[in-house]
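Notes for the one structure printed next.
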Amino acid sequence: MAQAKIHAKLNESACSKFSRTLSMADRSGRLLESLDQLEMRVEALRDAASAMEQERESILEMIQSLQNSQEMRNICPGEREELNLTANRLMGRTLSVEISIGTIRNPQQEEALQKATSIIDEIVKKLLSDMEGARQQLLALHAACVTEAPPVPIDQKFQAIVISCALEDQKKIKRRLETLVRNTENAEKNIKIMDHQKLEDTKANGGVHDAAAKQILVGKGR
């Protein structure tokens with residue numbers, strides 16, 4: 001009789017432990033599921049912040065493009081001043097939106113990012129003195145950041161540096177280079193337009209001077 005009670009107690013204890021184990025496993029599973037859902041929300045939050053960051057850059061670029069456009073130069077000074085005031089106000093409001101997305105990096109990734117940033121900064125400094133040469137260098141750097149075969153030579157050294165960067169930094173480097181290349185192309189177009197206008201003005205002025213010279217000669221002939 002005593003033995004039967006002992007066996008019953010042991011069975012009861014075993015059942016109780018088994019039941020607690022299942023309960024703990026259930027709780028652990030639910031917690032893990034919650035963390036998985038939170039991880040998805042965190043990634044969605046980072047993606048949304050990144051999209052906002054890109055939208056901010058796009059708006060700033062568009063404002064600058066409008067201010068430097070041919071259309072802006074073709075209007076009267078009073079209207080241009082008013083439009084520039086509006087553009088500057090929009091620029092200020094856009095710059096007041098601050099978006100910060102931190103990136104976790106190991107020491108090697110941190111060093112690679114600093115090297116990549118330094119290389120780009122050095123080329124940007126050359127834009128004023130040699131725009132075409134700097135643009136070609138920027139194209140070579142950008143070619144190092146794309147997967148498809150580019151139509152320009154690839155900077156192999158820069159490519160190795162970018163590959164060593166964190167994935168998010170690689171995307172930002174590529175985006176910065178795209179913006180710089182686009183801005184240099186727009187700047188070159190504006191310079192060509194201004195040069196063309198200058199030539200036309202010179203020709204027009206030359207025509208006026210020739211006409212004036214003819215009038216002087218006719219007057220002398222009289």
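Sequential numbering from 1 along the given sequence is applied to the chain's residues.
- Grouped with Leu45 in a hydrophobic cluster is no other residue, since no side-chain heavy-atom contact under 4.5 Å to another Ile, Leu, Val, Met, Phe, Trp or Tyr is found.
- No side-chain heavy atom of Leu83 sits under 4.5 Å from any side-chain heavy atom of Gln67.
- Atoms CZ and CG, on Arg182 and Leu138 in that order, are 12.5 Å from each other to the nearest 0.5 Å.
- Here the CD-CZ distance, from Gln54 to Arg175, works out to 4.0 Å after rounding to the nearest 0.5 Å.
- What you find for Cys145 and Leu177 is that their closest heavy atoms are SG-CD1, 3.8 Å.
- In this structure, CG on Leu180 lies 11.0 Å from CG on Leu139, to the nearest 0.5 angstrom.
- Judged by distance alone, the side chain of Ser58 and the main-chain N or O of Glu55 form no donor-acceptor pair under 3.5 Å.
- Annotation: salt bridge (charged side-chain N to carboxylate O under 4.0 Å, His left out) contacts involving residues 80-93, sequence neighbours excluded, are absent.
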Side-chain donor/acceptor pairs under 3.5 Å, residues 151-166, sequence neighbours excluded:
from   : atom 1 : to     : atom 2 : distance (Å)
Asp155 : OD1    : Lys157 : N      : 3.3
Asp155 : OD1    : Phe158 : N      : 2.9
Ser164 : OG     : Ala160 : O      : 3.1

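- Each of Thr179, Val124, Leu127 was evaluated against Thr184; a single residue qualifies, Leu127, per the side chain to side chain contact (heavy atoms under 4.5 Å, CB included) test.
- The closest donor-acceptor contact from the side chain of Arg46 to the backbone of Gly102 lies under 3.5 Å.
- In this structure, Gln170 and Ile173 have side chains that are not in contact, with every pair of non-hydrogen atoms separated by 4.5 Å or more.
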Which pairs of donor and acceptor atoms, one on a side chain in residues 110-121, lie under 3.5 Å apart (sequence neighbours left out)?
from   : atom 1 : to     : atom 2 : distance (Å)
Thr117 : OG1    : Leu113 : O      : 2.8
Asp121 : OD1    : Arg176 : NH1    : 3.2
Asp121 : OD1    : Arg176 : NH2    : 2.7

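- Salt-bridge check for Arg56 with Glu98: failed, with every basic side-chain N at 4.0 Å or more from each acidic carboxylate O.
- Distance check: Thr86 OG1 to Ile63 CD1 gives 10.5 Å after rounding to the nearest 0.5 Å.
- Sequence neighbours left out, the pairs with a member in residues 129-141 that pass salt bridge (charged side-chain N to carboxylate O under 4.0 Å, His left out) are Glu132-Arg135, Arg135-Glu185, Arg135-Glu188.
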Please report, to 0.1 Å, the donor-acceptor pairs under 3.5 Å made by any side chain of residues 28-44, with sequence neighbours excluded.
from  : atom 1 : to    : atom 2 : distance (Å)
Ser34 : OG     : Arg30 : O      : 3.1

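- Atom CD of residue Gln109 and atom CG of residue Leu167 lie 9.5 Å apart, to the nearest 0.5 angstrom.
- A distance of 16.0 Å separates NE2 in His142 from CD in Gln137, rounded to the nearest 0.5 Å.
- The side-chain heavy atoms of Ile101 and Glu53, taken from C-beta on, include a pair separated by under 4.5 Å.
- When hydrophobic clusters are built by joining Ile, Leu, Val, Met, Phe, Trp and Tyr residues whose side-chain heavy atoms come closer than 4.5 Å, directly or via intermediates, Met91 is not grouped with Val97.
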